Asker: 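Quick one: the structure is below, questions incoming.
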Amino acid sequence: MAQKPAIPKGTRDFLPNEVAKRTYLFESIKTVFKRYGFAPIETPSFELSSTLMGKYGEEGDRLIFRILNSGEKMRKADLEALANDNLPKFASSLAEKALRYDLTVPFARFVVQHQHELTFPFKRFQIQPVWRADRPQHGRYQEFFQCDADVVGSDSLLCEVELIQIFDDVLTHLNIPSFSIKLNNRKILSGIAEVCGEADRIIDLTVAIDKLDKIGEEGVLNELSQKGISDSAVEKIKPLFQFAGSNQEKLQLMRSYLANSEVGMKGIEELEYVMNIVDSMGLKRADLEFDLTLARGLNYYTGAIFEVKANNVNMGSICGGGRYDDLTGLFGLKGLSGVGISFGADRIYDVMTELNLFPASVTKGLKVLFINFGESEVSTCLTLARELRENDIDCEVYPSAAKIQKQMKYANDRSVQYVVLLGEEELKAKNLILKNMSTGEQETLDYGSFTTKLLSL
RNA sequence: GAGAAUGUAGCUCAGUUGGUUAGAGCGCUGGUUUGUGGUACCAGAGGUCGCGGGUUCGAGACCCGUCUUUCUCCCCA
């Protein structure tokens, strides 16, 4: 009984045409990263569980794919923990390794482990797949690619400016028609919590505020009360909803709101510095927006927080990032500040597909196909094909003397650009017919001028 | 992790209150055209109706389970 072919949920196969488009996407991102001085690194697909667990919060831990111990290692299973109903501990004893959940935490591990081989500030980029045991949905996969650029070892806000420019450069290059870079600062969120007198509830507070545009003002207030935030704090949150207008106006409002919070004012200062420089330099296409409800990745971000959304498309954020002052501290290296961004390649791909933004040249097919007329003609074709290849021209000789009609259809289906017809007559006359498949025009060439002609096309 | 929908030919989908041999368009194969594709005409192949149970004289249709995909929540790229 033949097995029905299938792949696990949330994973995908990529056909040649899709690979061509994905390659274009990755190359575009890579080119910009390099343009700003970032160098590529790679890390293993899986890490020790202990490296990843606990870095993404409770929810994150649940979504980490764990790798079951094999062979003798299975004996390490902590049956006592199972008996005591301590499932997390039992699970950890069963799985010592796990697939990476993002590229940032492995990078922090990498920096600490190789600190003596690196020169700081260290700028790296990394384009590799990550895995999450999430429920698949539109734009959500269990295996997807992240394209990260991070700077560690510098707390200069110029890094933030540079990363915003990279967002703008890449997405403009990819011709995304309209997108917004949203900017916030963890210190501002801390300031809000402080002003409300709920400094230790910052996560509940910001997670609720983050949903403003989704569930509305009332929804947020309800959620806050539900989470046990005091009424007086909720009262203090309310005015935030009225904060609208230009970035400068919002900054002004926040300045008075956070006047009594030292950390909050520090956040304002940082944000303003970054915005002012970006404004003075200008952005190509991006719309830079101070969004005080933006509260992603709270587990390790300490300063700037970024998120990018494509406008007029039904898709979650396509990029994210932020500053983390203490990520390497978790692996024993204190006082090293990092800031980074991540492009969600698969989501950007989906957006570009939806908006039909891939240039036609990306999926252009093979340059030349030699039609096979039979044994006596094909050897001349093989010689000519070899000559083309020596000149870096991609070509192919059809492997059998099938009907011309069938060979032409094959050329057509593969979007071949030019077809060479070299049959009995041409062989006798020592020439060939070169046919342009898109225009249908054809011309007769002698063997000597053939390669030169193709090099000019 | 919670809730809801979905699955019929390679693809997009019809299929009436359960009733004989399960349909269409596109695609595919062959021919019209033994040296010309993307347009036309003719013919043909292709389905254990996601998988496993159950109800029934009888199930593509109803019930249960399971998997996939999609949507909402959660979270996120």
Side-chain angles (χ1 to χ4, degrees), chain A residues 1-12 15 25 29 56-64 87 101-104 127-148 167 203 207-208 210-211 214-215 219 223 294-299 306-310 314-322 340-351 365 369-374 377 398 401-427 432-442:
Chain A
M1 188 62 179
Q3 190 188 344
K4 190 174 186 180
I7 54 175
K9 68 176 172 189
T11 64
R12 296 149 298 158
L15 275 62
L25 182 55
I29 294 170
Y56 309 102
E58 207 176 309
E59 186 69 20
D61 279 1
R62 208 166 52 83
L63 299 178
I64 292 172
L87 292 180
Y101 178 88
D102 72 358
L103 300 178
T104 307
I127 298 180
Q128 290 192 280
V130 303
W131 294 268
R132 296 185 187 179
D134 207 354
R135 182 167 295 203
Q137 266 179 49
H138 180 61
R140 300 177 93 153
Y141 306 99
Q142 293 206 336
E143 178 182 64
F144 61 98
F145 274 75
Q146 289 196 330
C147 311
D148 279 29
F167 279 141
I203 292 184
V207 164
D210 188 46
K211 293 178 190 164
K214 205 166 186 179
I215 60 179
E223 178 155 338
L294 179 60
R296 28 161 302 112
L298 276 164
N299 296 82
F306 310 114
E307 181 170 293
V308 182
K309 253 197 80 37
N314 172 29
M315 180 65 73
S317 56
I318 55 174
C319 308
I341 55 172
S342 181
F343 286 81
D346 300 85
R347 284 192 177 177
I348 295 172
Y349 179 93
D350 288 349
V351 167
L369 175 76
F370 290 87
I371 299 293
N372 186 332
F373 281 81
E377 294 89 356
Y398 196 85
K403 283 191 171 184
I404 310 305
Q405 203 176 68
K406 183 171 176 166
Q407 297 189 47
M408 290 301 287
K409 184 164 165 43
Y410 171 84
N412 198 55
D413 290 348
R414 288 201 50 193
S415 313
V416 169
Q417 298 171 55
Y418 297 93
V419 157
V420 169
L421 295 142
L422 199 166
E424 201 180 340
E425 285 173 37
E426 289 77 18
L427 190 65
L432 55 80
I433 294 170
L434 180 67
K435 173 163 181 151
N436 179 327
M437 289 297 281
S438 53
T439 65
E441 288 165 12
Q442 45 189 58

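To find a chain, count down the sequence lines: A is the first, B the second, and so on, and within it residues start at 1. What you are looking at is a predicted structure, and each value in this text was computed from that prediction instead of being measured.
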Asker: Does the side chain of A:Gln137 get closer than 4.0 angstrom to OP1 or OP2 of B:U72 through an N or O atom?
Answerer: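 Checking A:Gln137 against B:U72: at least one side-chain N or O falls below 4.0 Å of OP1 or OP2.
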
Asker: When the C1' atoms of B:U8 and B:C49 are compared, how many Å lie between them, rounded to an integer?
Answerer: 4 Å

Asker: Is there a side-chain contact between A:Ile371 and A:Leu422 (heavy atoms, below 4.5 Å)?
Answerer: no

Asker: By nearest nucleotide on RNA chain B, pick out whichever of A:Asp346 and A:Gly10 is the more 5' one.
Answerer: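 The answer here is A:Gly10.
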
Asker: For the pair A:Arg347 (side chain) and A:Ile318 (backbone), establish whether a donor and an acceptor sit closer than 3.5 Å, ignoring hydrogens and angles.
Answerer: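 Checking the backbone N and O of A:Ile318 against the side chain of A:Arg347, no donor-acceptor pair under 3.5 Å is found.
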
Asker: Return the value, rounded to whole Å, for the distance between atom CZ of A:Phe306 and atom C1' of B:C76.
Answerer: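 So the two atoms are 18 Å apart, to the nearest Å.
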
Asker: Rounded to whole angstrom, note down the P distance from B:U29 over to B:U21.
Answerer: 32 Å

Asker: Determine whether a donor-acceptor pair (one donor, one acceptor, N or O, separation below 3.5 Å) exists between the side chain of A:Glu426 and the base of B:G35.
Answerer: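 By the distance-only test, yes, there is a pair.
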
Asker: Between B:G35, B:C76, B:C75, which one does the side chain of A:Arg140 approach most closely?
Answerer: B:C75

Asker: For B:U36, what is the paired nucleotide under Watson-Crick or G-U wobble rules, both distances under 3.5 Å?
Answerer: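 Result: none.
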
Asker: If you measure from the C1' atom in B:G58 to the same atom in B:U20, how many Å do you get, rounded?
Answerer: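 Taking atom C1' in both B:G58 and B:U20, they lie 11 Å apart.
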
Asker: Identify the nucleotide, in any strand shown, that forms a Watson-Crick or G-U wobble pair with B:U20, with both distances under 3.5 Å; if there is none, say none.
Answerer: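 Here B:U20 is not engaged in any pair, so there is no nucleotide opposite it.
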
Asker: Looking only at atom C1', what distance separates B:G54 and B:C73, rounded to whole Å?
Answerer: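 B:G54 and B:C73 have their C1' atoms separated by 33 Å.
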
Asker: Whom does B:C26 pair with, Watson-Crick or G-U wobble, provided both distances fall under 3.5 Å?
Answerer: B:G10

Asker: Is A:Asn412 side chain donor-acceptor paired with the B:G38 base, going by distance under 3.5 Å alone?
Answerer: no

Asker: Contact class for A:Ser342 (heavy atom, under 4.0 Å): base, sugar-phosphate, or nothing?
Answerer: nothing

Asker: With heavy atoms under 4.0 Å as the rule, sort A:Gly139 into base, sugar-phosphate or nothing.
Answerer: base

Asker: Let me know the distance between NE2 of A:His138 and C1' of B:U69, rounded to the nearest Å.
Answerer: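 A:His138 atom NE2 is separated from B:U69 atom C1' by 13 Å.
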
Asker: Would you say the side chain of A:Tyr141 lies within less than 4.5 Å of the side chain of A:Asp350, judging by non-hydrogen atoms?
Answerer: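 Yes, close enough: below the 4.5 Å cut-off.
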
Asker: For A:Lys309, answer base if it contacts any base atom (sugar-phosphate contacts may also be present), sugar-phosphate if it contacts only those atoms, and nothing otherwise; contact means non-hydrogen atoms under 4.0 Å.
Answerer: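 The residue A:Lys309 makes no contact with any strand.
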
Asker: Looking for any heavy atom pair under 4.0 Å, which part of the strands does A:Gly440 touch: base, sugar-phosphate only, or nothing?
Answerer: base

Asker: Whether the side chain of A:Asp134 engages the backbone of A:Pro136 through a donor-acceptor N/O pair (distance < 3.5 Å, no angle test) should be reported.
Answerer: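 No, the answer is negative, given that no donor and acceptor are paired below the 3.5 Å cut-off.
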
Asker: Go through the N and O atoms of the side chain of A:Gln407 and the base of B:U36, and report whether any donor-acceptor pair is under 3.5 Å.
Answerer: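 Not at all, since no donor on one side and acceptor on the other fall under 3.5 Å apart.
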
Asker: Ring-plane angle category for A:Phe306 and A:Phe167, please: parallel below 30°, perpendicular beyond 60°, tilted otherwise.
Answerer: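 The rings of A:Phe306 and A:Phe167 stand perpendicular, inter-plane angle above 60°.
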
Asker: Can a side chain N or O of A:Gln405 be found less than 4.0 Å away from OP1 or OP2 on B:U36?
Answerer: no

Asker: Would you mind reading off the distance between A:Asp134 atom CG and B:C73 atom P, rounded to a whole angstrom?
Answerer: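 Nearest whole value for this atom pair: 13 Å.
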
Asker: Please measure how far the P atom in B:C51 lies from the corresponding atom in B:A9, and state the result in whole Å.
Answerer: 10 Å

Asker: Give a yes/no verdict on base stacking between B:A77 and A:Phe144: centres under 5.5 Å, planes within less than 30° of parallel.
Answerer: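 The ring of A:Phe144 is stacked on B:A77.
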
Asker: What is the separation between atom OH on A:Tyr398 and atom P on B:G35, rounded to the nearest whole Å?
Answerer: 15 Å

Asker: If you look at every strand shown and take non-hydrogen atoms under 4.0 Å, does A:Gly423 touch a base, only sugar-phosphate, or nothing?
Answerer: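 Base contact.
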
Asker: Reckon A:Ile318 touches a base, only the sugar-phosphate, or nothing at all at heavy-atom distances under 4.0 Å?
Answerer: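 The answer is sugar-phosphate, as A:Ile318 gets under 4.0 Å only of primed atoms, P, OP1 or OP2.
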
Asker: Using the C1' atom in both, what is the distance from B:C71 to B:G60, to the nearest Å?
Answerer: 25 Å

Asker: Which of the following nucleotides, B:A77, B:C74, B:U36, is nearest to the side chain of A:Gln442?
Answerer: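 So the nucleotide nearest the side chain must be B:U36.
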
Asker: Between the base of B:C76 and the side chain of A:Arg347, is there a donor and acceptor pair under 3.5 angstrom?
Answerer: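 Flag set: donor-acceptor pair detected.
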
Asker: Is a donor-acceptor pair below 3.5 Å formed from side chain A:Lys9 to base B:U68, judging by atom type as modelled?
Answerer: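 Not at all, since no donor on one side and acceptor on the other fall under 3.5 Å apart.
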
Asker: A:Lys403 side chain: which of B:U70, B:G31, B:C75 is closest?
Answerer: B:G31

Asker: Write down the partner of B:C73 under the Watson-Crick or G-U wobble criteria, each distance required to be under 3.5 Å.
Answerer: B:G1

Asker: Quickly work out the A:Leu421 CG to B:U36 P distance and round it to whole Å.
Answerer: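 Between P of B:U36 and CG of A:Leu421: 10 Å.
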
Asker: For A:Asn314 and for A:Cys319, find the nucleotide of RNA chain B with the closest heavy atom, then tell me which residue's nucleotide is more 5'.
Answerer: A:Asn314

Asker: Just name whichever nucleotide pairs with B:G65, Watson-Crick or G-U, keeping both distances under 3.5 Å, else none.
Answerer: B:C51

Asker: For A:Lys409 and B:U36, is the shortest distance between a side-chain N/O and OP1 or OP2 below 4.0 Å?
Answerer: no

Asker: May I ask you to decide if A:Gly10's main-chain N or O and A:Glu143's side chain share a donor-acceptor pair within less than 3.5 Å?
Answerer: no

Asker: Using whole Å, report how far CZ of A:Arg62 lies from P of B:C74.
Answerer: 13 Å

Asker: Tell me: OH of A:Tyr410 to P of B:G38, nearest whole Å?
Answerer: 17 Å

Asker: Would you check if A:Met315 and A:His138 make a side-chain contact, meaning some heavy-atom pair closer than 4.5 Å?
Answerer: yes

Asker: From the list B:C71, B:G31, B:U36, which nucleotide is the closest neighbour of the side chain of A:Arg135?
Answerer: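 The listed nucleotide nearest to A:Arg135's side chain is B:C71.
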
Asker: Would you find a donor on one side and an acceptor on the other, under 3.5 Å apart, between the side chain of A:Glu377 and the backbone of A:Leu427?
Answerer: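 Flag not set: sc A:Glu377 to bb A:Leu427 has no pair under 3.5 Å.
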
Asker: Across the strands shown, which category fits A:Tyr141 at heavy-atom distances under 4.0 angstrom: base, sugar-phosphate, nothing?
Answerer: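 Answer is base: heavy atoms of A:Tyr141 come under 4.0 Å of a base.
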
Asker: Please report the distance, rounded to the nearest Å, between CZ in A:Arg12 and P in B:U70.
Answerer: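 A:Arg12 atom CZ is separated from B:U70 atom P by 10 Å.
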
Asker: Considering only atom C1', compute the distance from B:A22 to B:U16 and round it to an integer number of Å.
Answerer: 15 Å

Asker: Going by purine N1 to pyrimidine N3 plus the second Watson-Crick contact, or the G-U wobble pair, all under 3.5 Å, which nucleotide sits opposite B:C41?
Answerer: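 Result: B:G31.
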
Asker: Which value, in whole Å, describes the distance between the P atoms of nucleotides B:U32 and B:U36?
Answerer: 11 Å

Asker: Assign A:Ile371 to base, sugar-phosphate, or nothing according to its heavy-atom contacts below 4.0 angstrom with the strands shown.
Answerer: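 Touches nothing.
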
Asker: So A:Leu421 and A:Phe373, do their side chains get closer than 4.5 Å, heavy atoms only?
Answerer: yes

Asker: Checking all strands, does A:Phe343 fall into the base, sugar-phosphate, or nothing category for heavy-atom contacts under 4.0 angstrom?
Answerer: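 Since no nucleic acid heavy atom lies under 4.0 Å of A:Phe343, the category is nothing.
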
